[in-house]
There are 2 protein chains.
Amino acid sequence: MAKRTFNLAELDNNSQFNNKQESKTLIEHAYSLMRQDIISGALKPGEKLRVAHLQKKYEISASTLREAISRLVSEYLVSAEGQRGYKVSDINIDELKDITDLRVLIEVKAVRESVRHGSDEWKQQLTEVFNQLSQFEQPINPDKSQQWEYYNSQFHQLLSNGKPSPWTLRTLKLLSQHSERYRHLAIKISKNKRDVHAEHTTIYEAVMAGNELRAALATEDHIRTTTEQIINNYGSKSN
Amino acid sequence: MAKRTFNLAELDNNSQFNNKQESKTLIEHAYSLMRQDIISGALKPGEKLRVAHLQKKYEISASTLREAISRLVSEYLVSAEGQRGYKVSDINIDELKDITDLRVLIEVKAVRESVRHGSDEWKQQLTEVFNQLSQFEQPINPDKSQQWEYYNSQFHQLLSNGKPSPWTLRTLKLLSQHSERYRHLAIKISKNKRDVHAEHTTIYEAVMAGNELRAALATEDHIRTTTEQIINNYGSKSN
DNA sequence: ACTATGCATATTATCGATTATTTATTTTTC
DNA sequence: GAAAAATAAATAATCGATAATATGCATAGT
C-alpha cells in the first residue's frame, strides 16, 4: 500500500491566505496549522491535546504530530505536563500585561532605530505595506479579517526592521503571536470601535517624516491601547 | 522483551551538576543534554545532527530523538533544512552583536525595575547567590567552571527578576544561552584576564545601595565587555 | 455516606520498521 | 576527458505497533 505522499502545491492551498508559512515537511505543515489554530482561538486555552483525536484532524501519524507539538512547547503556546500529555497554554491578564510591557520596550526601540537608519528602499516597502493594510481597514471588512491580520503583522514587522536585527525580529514575532492570541480570544473584530487605521497612519506618517520621538510615542500608544481594549473586553465578558 | 525503562534517579546523576534541568520524560532529558552540548561547544556550529549516530550517544530511539531536536529548532540552537535534516546553528560575529544589543536593552531595563521594586527577601536571595558566585571566581578555579557557570547564570537571572516578569525572564534566558555559546566557543576560561568578579561586585553593590543608574550602567558595561572580549578572541584565533 | 483499593479503560511515551529523499558513485554519452 | 544519466548507498521523514502511565469506575471496607 502506497504511503501517503505529500507535495507542496497540495499542502499550500489548504488555508486561503498563508503567504508566510512555506511548509516543507509534514511536520512543519502540521506545526503551522496548529500554531495558527492556537493563535486564532480554534484551539482554546487549557484544551488538552489528545493525540488520537488530533491525528484525524490533521491527517498525520502520532509521532509526527508529537514532533510538531514539541516545537510549540518552546514557543510557550503549548505546555507539557509530566507524563500527562500536552495542553494549550493557559492565559491570564497579568501575562498579557507582561507581554505588552516587554513588547513596548523592544518595538519602540526598534522603531526608533528604523527612523534613524531606515533606507529609502525600506521606506518604499513600508509605504506599499501600509497601503495594502489601509485597504482592509478603511472601511473595516469582517470578511477580510484574514488579510488584515496578515498585513497588520507585516506592517509591524517591517516597521521594526528598518535597521535589520534578526533577534529583535524573532523576539517581537514571538511576543506578537501571543498578543494576537489574546486579542482573538477577547475581541470580535466587528466590535472593534476604535479607529485603528488612524493609529497606524499616525505611526506611518511620523516615520516617513523622520520624527523619531513622535513615531516612538505613537507606537507605544498603539500597542498599549490594543491591550487596554482586550482587558476591557475581558472584563465585560462580551463573549 | 522488556522495553527500556526509565526512572528519574538514574537519569539525574548523569551530569554532575544539573540543578536546573529536572527532566521527566526521555525527550526532556535528551533535549536538556543536547542543549547543554550545543551551548558548551561539544556539538560544534554547523555540525550535522545525524540521527543514527546521536541515537547511540544518547541511548534513545530515532523518533524520540527527533522530538527533542525539534524543540531546539524553536530556540534557534538547531536549524532545520528542508528534507536534509538538522544541523547545529551557525555562528557569526554580527549575530553576537545583535544578541548583545537586545540583551542590553532588556537586561538593563529589568535591573532598573529590580532596583525600584525588589523586596527585602529578594535582596537577601541576591546576596546569597552573589556570595556563592564569589566563591568560584575569587580566585578563578578552572576545575569548578561548571559551578561558576551555574551561579553566574543564576546571578544574572535573579538580578533581572526583582520585579518578576516571566516573559522578560524567558527572553533573557534564550538570549543568554546564545551568548554563553559564543563565549564558550571563543574563550578558554583560564585565559580570562579581566576581573569579572569586580564587575559583578560593582553591580551587586549598586543594586543593594538602591542606585538605579549606577546599576544600569554597570550591567550594560559588564555585558558589553564580555562581548568585546569574545570578539577579540575570535580575531586572534587563539583556539 | 465516605474514603480506600483494585480493575478496566483511555491516553501517553517510546520503539523499530518502512518509505521517501538526498548524496555519492558508477556508467554512459558526446 | 568532461558533462549527463543511471544506479547504489546513506540518511531523513513518516508510520503503526507496543509498553508505560494515568484516569475513571466499581466495589469493599470503615
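In what follows, chains are A, B, ... by sequence order, proteins preceding strands, each numbered from 1.
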Notebook entry, point to check: Taking CD from B:Gln55 and C1' from D:dA12, how many angstroms apart are they, rounded to a whole number?
Noted result: 12 Å
Checklist line | Rounded interatomic separation in angstrom, taking CD from B:Glu59 and P from C:dC15 | finding: 10 Å
Notebook entry, point to check: Rounded to whole angstrom units, what separation is found between the CZ atom of B:Arg71 and the C1' atom of C:dA13?
Noted result: 12 Å
Next item on the list: Please tell me which of the listed nucleotides, D:dT14, D:dA13, D:dG16, lies nearest to the side chain of A:Leu26?
Entry: D:dT14
Notebook entry, point to check: Within the side chain of A:Ser160, is there an N or O that forms a donor-acceptor pair under 3.5 Å with the backbone of A:His156?
Noted result: yes
Next item on the list: Examine the side chains of B:Glu95 and B:Tyr182 and answer whether a donor and an acceptor come within less than 3.5 Å of each other.
Entry: yes
Item checked: Separation of C:dT12 P from A:Leu65 CG (nearest whole Å) -> 10 Å
Item checked: Atom-pair distance (CD1 on B:Ile60; C1' on D:dA19), nearest Å -> 16 Å
Notebook entry, point to check: Taking OP1 and OP2 of D:dC15, is either one under 4.0 Å from a side-chain nitrogen or oxygen of A:Thr64?
Noted result: yes
Check: Between B:Arg84 and A:Ala62, who's closer to the 5' end of DNA chain D by nearest nucleotide?
Finding: B:Arg84
Next item on the list: Nearest whole angstrom, please: distance from the P of C:dT14 to the CD of A:Glu67.
Entry: 14 Å
Next item on the list: Can you establish whether the number of heavy atoms outside A:Lys57 located under 6.0 Å from its atom NZ is more than 12?
Entry: yes
Check: Once you round it to whole Å, what is the distance between P of C:dT21 and CD of A:Glu28?
Finding: 15 Å
Next item on the list: Please check if atom CG in B:Asp90 has more than 12 non-hydrogen atoms from other residues, nucleotides or ligands closer than 6.0 Å.
Entry: yes
Notebook entry, point to check: Does B:His178 have its ring centroid less than 6.0 Å away from the ring centroid of B:Tyr76?
Noted result: no
Next item on the list: May I have the distance from A:Glu81 (atom CD) to C:dT11 (atom C1'), rounded to whole angstrom?
Entry: 13 Å
Next item on the list: Give me the ring orientation class for B:Tyr151 and B:Phe136: parallel if the planes are under 30° apart, tilted from 30 to 60°, perpendicular past 60°.
Entry: parallel
Notebook entry, point to check: With a 3.5 Å cut-off and no angle check, do the side chains of A:Thr227 and A:Thr100 form a donor-acceptor pair?
Noted result: yes
Checklist line | Contact residues, residues 44-54 of chain A to DNA chain D [heavy atom, < 4.0 Å] | finding: none
